[in-house]
Amino acid sequence: MSGAGPRENVFATRMALTNMKLRLKGAETGHSLLAKKRDALTTRFRAILRKVDEAKRKMGRVMQLASFSMAEVTYATGDISYLVQEQAKLATFRVKATQENVSGVLLPAFEVDRVPGSDFNLTGLGRGGQQVLRAKEVYAKALETLVELASLQTAFTILDEVIRATNRRVNAIEHVIIPRLENTIKYIISELDEMDREEFFRLKKVQGKKKREAAGAAERKAITDAVEVLQVRETEPRNDPRDATADLLKSNDEDVIF
């Protein structure tokens with residue numbers, strides 16, 4: 001049967017057919033746009049995935065160096081954590097949060113704002129000053145890598161959720177909405193064709209009936225005319241030939257010689 005399958009509950013009219021075609025066109029346009037959005041997000045997702053892998057590897061190497069540097073500081077100067085805590089007044093590392101628009105999706109991006117100077121420049125002045133400066137730079141690099149990794153990981157998580165939602169929408173439009181609209185259009189077209197065939201058959205029936213009635217009326221009129229002609233003929237007087245001979249004998253015609 002034409003139009004079988006899930007469809008909208010609509011009346012089969014020309015207006016409904018036009019509306020269904022407009023909805024189908026809109027669904028196809030939306031599917032195309034969402035597919036392009038999904039492709040763009042997937043491309044960015046893969047790029048971020050590569051950066052996340054690189055950042056994690058870099059983070060492992062930097063933290064390894066930072067651990068070695070801290071071990072050198074501890075060996076050269078001893079425990080300096082209390083000195084750092086006493087001398088630290090302001091944060092030298094600040095994180096700025098910005099947003100990046102990728103196909104309508106706002107991705108947070110974190111940037112390091114490093115304030116020049118330090119509150120514990122005199123730490124390790126007696127001994128181990130070089131090791132302290134090296135550890136400071138290594139840990140600063142570790143913090144920058146950590147912020148970069150946090151930014152990439154956050155964008156990765158958001159993109160993963162958005163891509164999943166976009167895939168669900170694309171699949172719903174492609175496998176549910178568009179087939180439903182197409183089945184509805186097929187159903188309306190089949191119903192309209194059936195109505196046209198019924199209307200044509202009805203008109204043929206009406207036309208045949210009118211022809212039969214016209215033929216019957218013409219036949220009845222012909223019979224009536226024939227009857228009237230016969231009646232007229234019957235009412236007309238008949239001429240007797242004997243009366244004509246008697247009139248001829250009674251007439252006094254001078255030219256006739258007997």
Side-chain angles (χ1 to χ4, degrees), residues 1-60 95-113 144-204:
M1 178 180 177
S2 179
R7 60 176 178 83
E8 300 289 339
N9 294 323
V10 296
F11 291 104
T13 59
R14 301 288 179 185
M15 183 60 68
L17 179 61
T18 302
N19 292 334
M20 288 297 109
K21 287 183 178 180
L22 290 176
R23 289 181 59 183
L24 178 60
K25 184 177 180 181
E28 291 175 348
T29 303
H31 177 270
S32 176
L33 293 177
L34 285 176
K36 292 180 181 179
K37 178 181 179 180
R38 178 191 60 187
D39 295 339
L41 293 178
T42 303
T43 302
R44 186 58 184 274
F45 180 79
R46 292 174 180 173
I48 290 177
L49 183 60
R50 288 193 295 268
K51 291 182 180 179
V52 167
D53 183 64
E54 294 175 359
K56 286 184 177 181
R57 295 178 184 274
K58 181 180 178 181
M59 189 68 191
V95 178
K96 290 183 179 180
T98 59
Q99 289 183 340
E100 183 181 2
N101 191 344
V102 179
S103 298
V105 180
L106 297 178
L107 299 179
F110 303 136
E111 298 179 356
V112 175
D113 184 15
E144 293 177 357
T145 306
L146 183 62
V147 171
E148 179 185 1
L149 181 59
S151 177
L152 293 173
Q153 194 71 36
T154 304
F156 175 85
T157 304
I158 294 175
L159 278 180
D160 184 46
E161 295 177 357
V162 173
I163 289 174
R164 290 176 184 270
T166 305
N167 282 331
R168 287 194 295 268
R169 292 176 182 175
V170 171
N171 293 332
I173 293 175
E174 182 178 358
H175 300 290
V176 178
I177 296 177
I178 291 180
R180 181 185 294 270
L181 294 176
E182 289 178 347
N183 290 333
T184 305
I185 290 174
K186 292 178 181 179
Y187 164 74
I188 294 175
I189 291 175
S190 64
E191 290 296 322
L192 291 177
D193 291 341
E194 184 67 23
M195 292 170 62
D196 291 339
R197 286 191 293 269
E198 291 177 357
E199 183 68 17
F200 179 76
F201 181 76
R202 186 183 67 82
L203 291 176
K204 292 291 289 184

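Numbers here are sequence positions counted from 1.
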Is the closest basic N to carboxylate O distance between D196 and R14 below 4.0 Å? yes
Got R23 and E8 here, is their nearest side-chain heavy-atom distance under 4.5 Å? yes
Mind jotting down which residue pairs meet the salt bridge (Lys or Arg N to Asp or Glu O under 4.0 Å) criterion with at least one end in residues 45-57? Sequence neighbours excluded, please. D53-R57
Would you mind reporting whether P6 and N183 have side-chain heavy atoms less than 4.5 Å apart? yes
Taking L41's backbone N and O only, do any of them form a donor-acceptor pair with S103's side chain (distance below 3.5 Å, no angle check)? no
Which atoms form the tightest heavy-atom contact between A12 and E191, and what is the distance? CB-CB, 3.4 Å
Is any NZ, NE, NH1 or NH2 atom of the basic residue among R202 and E199 found under 4.0 Å from an Asp or Glu carboxylate oxygen of the other? yes
Ignoring hydrogens, what is the shortest heavy-atom contact between V147 and V95? Give both atom names and the distance. CG2-CG2, 4.0 Å
Whether the side chain of T166 engages the backbone of R38 through a donor-acceptor N/O pair (distance < 3.5 Å, no angle test) should be reported. no
Could you tell me whether E100 and R44 have a side-chain N and a carboxylate O separated by less than 4.0 Å? yes
A35 and V170 have their tightest heavy-atom pair at N-CG2, 4.1 Å
So which heavy atom on I48 is nearest to which on A155, and how close? CD1-CB, 3.8 Å
Would you check if N101 and V105 make a side-chain contact, meaning some heavy-atom pair closer than 4.5 Å? no
Whether D160 side chain and F156 backbone form a donor-acceptor pair below 3.5 Å: no
Please check if the side chain of S32 supplies one atom and the backbone of E28 the other of a donor-acceptor pair under 3.5 Å. no
